[in-house]
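A short worksheet on the structure shown next.
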Amino acid sequence: MSQSTSPSSSLSASLSTGQADLLTMPADRGGCPFDPPPSYRKEASVSRVSLWDGSPCWLLNGYREVRTALTDRRFSADARHPGFPFLTPGRRELVGDNPSFIRLDDPEHSRLRKMLTGDFLIKRVEAMRPGIQRIVDETLDAMLAKGSPADLVAEFALPVPSLVICDLLGVPYEDHEFFQRQSKLLLDATSPAGTVRQAVDELEQYLTALAARIGADDESILGRLVARGDLTSDEIASNALLLLIAGHETTANMTSLSTLALLRNPEQADRLRADPSLIRGAVEELLRYLTIVHTGLPRVALEDVELDGVLIRAGEGVLCMLSTANRDEELFAAGSELDVERDARRHLAFGFGVHQCLGQPLARAELQIALETLLRRLPELRLAVPFEELSFRTETIVYGLRALPIAW
Amino acid sequence: MHVTVDQNRCCSSGQCVLTAPTVFDQSEEDGLVLLLQDEPAEALHPQVRTAAAICPSGAISLTVGQAVGA
């Protein structure tokens with residue numbers, strides 16, 4: 001997106017006056033299911049929009065503006081501030097209620113996040129690679145044993161990160177049907193009122209009960225949070241819940257969507273098969289190109305801030321569109337195309353600023369191993385249904401595929 | 001090129017360690033940035049620049065040109 005400002009982007013623009021386009025939810029896609037939702041993509045880097053409840057909000061589409069809003073301390077991630085933009089009724093329902101660190105500002109955010117950063121050190125995650133490879137191979141063995149065709153989402157993309165995060169967190173994988181169902185409800189923008197609240201309550205009760213059962217000598221993250229002794233049981237539950245959901249939904253959807261993107265760009269899949277050392281860069285490019293957190297990260301201005309000539313007033317909300325920022329032509333030439341050999345490392349798929357994804361080293365390792373293994377072990381991998389028949393999750397905060405029927 | 005890091009700003013994303021592993025490391029305890037060398041050889045400059053650019057919390061500063069020892 002160009003940084004040149006449209007005439008409407010001037011200091012005289014105000015959030016509460018004039019017509020604003022309504023952001024739709026579900027966030028329907030246009031012609032190409034890999035392109036950002038059209039109603040969330042504007043020409044100007046900063047534009048006025050209105051949310052589902054009629055409240056006004058600024059939509060940030062440019063790379064620079066998104067990066068600024070996510071790093072400038074004058075913007076807050078704390079949903080308890082007046083004016084904070086809620087993408088769905090479910091998000092609004094959860095306000096004020098035992099927030100995890102993604103909905104807190106420093107210093108509270110940093111205090112809680114620092115208790116977990118040691119678990120996601122680059123070196124520690126590198127040491128987890130053999131274990132992740134084993135999970136990937138065993139899950140793939142089971143899918144192959146059942147035979148072609150198969151649903152890649154149910155048989156591979158969802159089980160792999162669920163198994164990994166369960167092991168790390170200390171949650172029994174046998175309970176996966178329960179927590180996968182709850183996660184789905186929680187992330188679904190069309191969930192009826194009360195459903196999201198109930199899903200969170202049930203998950204927190206489950207994790208609180210688990211934490212109470214777990215011994216302080218347990219090696220898992222949950223065990224160590226319990227062993228610290230300085231966290232309330234509510235704090236343990238809300239932060240464990242964040243890890244559990246973020247740990248499997250995001251990677252699962254990235255795995256299936258990445259596979260589909262490679263099936264639609266077979267020459268790029270061939271390049272990865274011919275040279276597996278390209279996989280690390282390819283995963284960065286897939287993260288950029290697909291940007292599954294597709295409806296934007298919400299923030300609220302605590303002071304007046306000027307962005308690209310537009311005055312954002314204190315108390316006004318902004319939505320940081322990672323997906324359009326990641327296609328900003330100033331940073332990524334031909335950004336609407338997938339190019340697995342592009343240097344995409346400046347992408348914002350994990351967000352930016354102090355809230356940038358805590359689990360990103362783990363997500364990268366899982367995606368690199370899962371995709372490399374899939375391409376290597378299934379040289380004949382192909383879609384089992386016409387591309388046009390695929391169904392995409394436009395109603396969830398994390399974009400993805402409902403199912404991906406494949407054959408080999 | 002002279003490199004400085006600010007642990008008070010660092011959010012332990014590990015991006016610098018991924019990008020320039022001979023220049024940056026992380027503390028075992030909480031993943032805060034550790035500087036392994038503050039005057040990296042010229043061959044390392046591109047990766048150090050990338051590391052500084054993608055650091056999400058702006059914890060890496062580079063001084064180029066007139067800096068002492070550069």
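Everything numeric in this text was worked out from a predicted model, so none of it was measured. To find a chain, count down the sequence lines: A is the first, B the second, and so on, and within it residues start at 1.
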Next item on the list: To the nearest 0.5 Å, tell me how far B:S12 OG sits from A:L358 CG.
Entry: 8.5 Å
Checklist line | Distance (rounded to the nearest 0.5 Å) between B:S13 OG and A:F350 CZ | finding: 10.5 Å
Next item on the list: Verify the neighbour count for atom CZ of A:R73: are there more than 12 heavy atoms of other residues, nucleotides or ligands below 6.0 Å?
Entry: no
Closest approach of [X] and [Y], non-hydrogen atoms and distance?
{"X": "B:S57", "Y": "A:V354", "result": "CB-CG1, 4.1 Å"}
{"X": "B:L18", "Y": "A:I122", "result": "CG-CD1, 3.8 Å"}
{"X": "A:R113", "Y": "B:C11", "result": "NH2-O, 3.2 Å"}
{"X": "B:P56", "Y": "A:Q356", "result": "CG-OE1, 3.0 Å"}

Note to self: Report which part of A:R345 has an atom under 4.5 Å of a heavy atom belonging to chain B: side chain, backbone, both, or neither.
What the structure shows: both
Note to self: Quick check for you: among A:R346, A:E126, A:R280, which has the greatest number of heavy-atom pairs under 4.5 Å with chain B?
What the structure shows: A:R346
Notebook entry, point to check: Is A:M115 close to B:D30 at the side-chain level, that is, under 4.5 Å between some pair of heavy atoms?
Noted result: no
Note to self: Assess whether a salt bridge exists between A:K114 and B:E29, defined as any Lys/Arg side-chain N lying under 4.0 Å from an Asp/Glu carboxylate O.
What the structure shows: no
Next item on the list: Start with the C-alpha gap between B:D25 and A:K123, add the side-chain angles, then the distance that decides, and say whether side-chain contact (heavy atoms from CB on, under 4.5 Å) holds.
Entry: CA-CA 9 Å; B:D25 199 357; A:K123 276 184 207 157; 3.1 Å; yes
